[in-house]
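Just so it is clear, the values below take in all heavy atoms, side chains as well, and ignore hydrogens, waters and symmetry mates. Letters A, B, ... mirror the listed sequences (proteins, then strands); counts begin at 1.
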There are 2 protein chains.
Amino acid sequence: MIKVVVVEDHPIMVEGLKNILRSDAGIELNGDYGDGKSVLQALEKGQPDVILMDVNLPDISGVTLCGEVKKKYEDVKIIALSIHDEQPVIHSMLQNGASGYVLKNALGNEIIRAIYAIMDGEEYLCSSTKEALKNADMELLKAIPRITRREKEILQLIGKGLTTMQIADQLFISTHTVESHRKNLMEKFGVNNTTSVVKLASEYKLL
Amino acid sequence: MIKVVVVEDHPIMVEGLKNILRSDAGIELNGDYGDGKSVLQALEKGQPDVILMDVNLPDISGVTLCGEVKKKYEDVKIIALSIHDEQPVIHSMLQNGASGYVLKNALGNEIIRAIYAIMDGEEYLCSSTKEALKNADMELLKAIPRITRREKEILQLIGKGLTTMQIADQLFISTHTVESHRKNLMEKFGVNNTTSVVKLASEYKLL
DNA sequence: GGGAAAACCCCTGTTTTCCGGGATTTTTTT
DNA sequence: AAAAAAATCCCGGAAAACAGGGGTTTTCCC
């Protein structure tokens, strides 16, 4: 029996997943969790074979959670579940140790197939995911930039529509510093104006 | 028996909803559809009592669909299902005739409760939705701005990081015109710089 | 078909961001 | 404790966005 754990914060979605998993005789559902913290706690007491993990969780990002789980329990396989088909999101999950990536608009049996595939040591991407990756040069695959706490803070204020001067005032720092952060953000996201940074950050759910 | 139809493009979610609805004896599931077009077609041949409608559909926006359904079949009650708790999204759905708004992180029985409540002629908002509305002044409740085709086009180009001049070049219009659109967009969204416009538009899934 | 609203277009001056450097002081991580 | 990463600060010139004004042409609704 393949032991599966579900991490997903939408109960209705969990209900659907349970139903799908139950329909397969070789799979055993070993619990479900609504956020990152509770699943990390649970893992200390024993690990499943596979974790079905939503990328957007209420507490920590799926990317981070994925990395942490794999660091501690390298044998646990992770399948990412997501509504995003953005290339950097997919790429970041895979880089952080996910063995599969299935979009939420996939059919139920794609999940089953994914589970068996990765138990065989394969990597499983659902068809729409493959589609999303195909168009991108494998060379210039970009991961989601890792931004610092301060940068995030400034990004949020920029998103609110504040000017550099207003931000400087609010955070009790110089306008020059704010401009530096702005510059670094543009650099990290590989764009040349703040508007694009905000758009991308919003797409990657970094705000 | 209350006849319910589900409009939702994530099969796993549909699976979960079916499960929940099946568990209640007074509710009968009358079909599910993955996009706006197919449900509009189906409605011509007969209407259910209630439509459970995802706000983010692949073809048209839930807000539009909601309006169209209510225009043609005013007796059909609509419950919006969404992952967003943004106030303008909620507000726009209700303005377009939705009788209920349930977030996807709600528990299954919230759905059941919502169905019975609106069949009794009440309006049903799940607890998190109420929470999201509470913080906002009822006075300055803002609907999602209606933007024109041209404005959307320009917004997308801005989001790509193009400057006013590059946009003007690409669309064969003057930079002044682009600036006008920019101005109108800021006006419509009630903010004073383009970055905020892009952020909001992205939140409301207008891009 | 006619009128209103929306969409589209244009201009000038002021403010803000962007770009190109460079440097010092905390934190964090190893 | 050393090395790496973050956070802070600084400058000046160029480029772009913003604010506030006005005008013409489509489109849409009655």
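Here the side chain of B:H176 is nearest to one of D:dT8, C:dC11, D:dC10, namely C:dC11.
As rounded to whole Å, 19 Å separates atom P of D:dT24 from atom CD1 of B:I173. The interatomic distance linking B:I158 (CD1) with D:dA16 (C1') rounds to 12 Å, in whole Å. The distance from atom CD of B:E187 to atom P of D:dC18 is 14 Å, rounded to the nearest whole Å. When the P atom of D:dA17 is taken as reference, atom CD1 of B:I154 falls 12 Å away, rounded to whole Å. One can place CD1 of A:I167 at 19 Å from P of C:dT15, the figure rounded to the nearest angstrom. A straight line from CG of A:L185 to P of D:dA7 spans 10 Å, rounded to a whole angstrom. Between the CZ atom of B:F172 and the P atom of C:dC9 there is a distance of 13 Å, given to the nearest Å.
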Got a list of side-chain donor-acceptor pairs under 3.5 Å for residues 51-70 of chain B, not counting sequence neighbours?
residue : atom : partner : partner atom : Å
B:D54   : OD1  : B:N56   : N            : 3.3
B:D54   : OD1  : B:K104  : NZ           : 3.3
B:D54   : OD2  : B:K104  : NZ           : 3.4
B:N56   : OD1  : B:H84   : NE2          : 3.3
B:D59   : OD1  : B:G36   : N            : 2.9
B:D59   : OD2  : B:G36   : N            : 3.1
B:D59   : OD2  : B:K37   : N            : 2.8
B:S61   : OG   : B:V63   : N            : 3.2
B:S61   : OG   : B:T64   : N            : 3.2
B:S61   : OG   : B:T64   : OG1          : 3.1
B:K70   : NZ   : B:E74   : O            : 3.2
B:K70   : NZ   : B:V76   : O            : 2.9

Please table the atom pairs, donor to acceptor, closer than 3.5 Å between any side-chain atom in residues 155-171 of chain B and protein atoms at least two apart or in another chain.
residue : atom : partner : partner atom : Å
B:Q156  : NE2  : B:L207  : O            : 3.1
B:T163  : OG1  : B:M165  : N            : 3.4
B:T163  : OG1  : B:Q166  : N            : 3.3
B:T164  : OG1  : B:R182  : NE           : 3.3
B:T164  : OG1  : B:R182  : NH2          : 2.7
B:Q166  : OE1  : B:T163  : N            : 2.8

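Rounded to 10 degrees, the angle separating the terminal axes of the helix from C:dG1-D:dC30 to C:dT30-D:dA1 is 90°, with each axis obtained from five end pairs.
Partners of B:V14 according to the side-chain contact (heavy atoms from CB on, under 4.5 Å) rule, which considers only residues two or more places apart in sequence or in another chain, are B:E8, B:K18, B:D32. Scored by the side-chain hydrogen bond (donor to acceptor under 3.5 Å, both in side chains) test, B:T129 finds no partners at all (sequence neighbours excluded). For B:L94, the side-chain contact (heavy atoms from CB on, under 4.5 Å) partners are B:I90, B:A98, B:E123, B:L125, not counting sequence neighbours. A search for side-chain contact (heavy atoms from CB on, under 4.5 Å) contacts involving B:D49 returns B:I2, B:K3, B:M119, not counting sequence neighbours. Scanning for salt bridge (Lys or Arg N to Asp or Glu O under 4.0 Å) contacts around A:R150 gives A:E153, with sequence neighbours left out. Every residue meeting the side-chain contact (heavy atoms from CB on, under 4.5 Å) condition with A:A106, not counting sequence neighbours, appears here in chain and number order: A:V102, A:E110.
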Nucleic acid footprint by protein, nucleotides 25-30 of chain D - heavy-atom cut-off 4.0 Å, B for base, S for sugar-phosphate alone: ------

Contact state string [nucleotides 17-27 of chain C, B base, S sugar-phosphate only, - no protein heavy atom under 4.0 Å]: SBBBB------

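Among residues at least two apart or in separate chains, side chain to side chain donor-acceptor pair (under 3.5 Å) pairs with a member in residues 196-207 of chain B are A:S202-B:S202.
For A:T177 and D:dA7, the shortest distance from a side-chain N or O to OP1 or OP2 is not below 4.0 Å. Note on A:H181: a side-chain N or O is less than 4.0 Å away from OP1 or OP2 of D:dT8.
Between A:E151 and A:K188, at least one side-chain nitrogen of the basic residue sits less than 4.0 Å from a carboxylate oxygen of the acidic one, meeting the salt-bridge criterion.
Here A:L185 contributes atom CG and A:K152 contributes atom NZ; the two are 12.5 Å apart, rounded to the nearest 0.5 Å.
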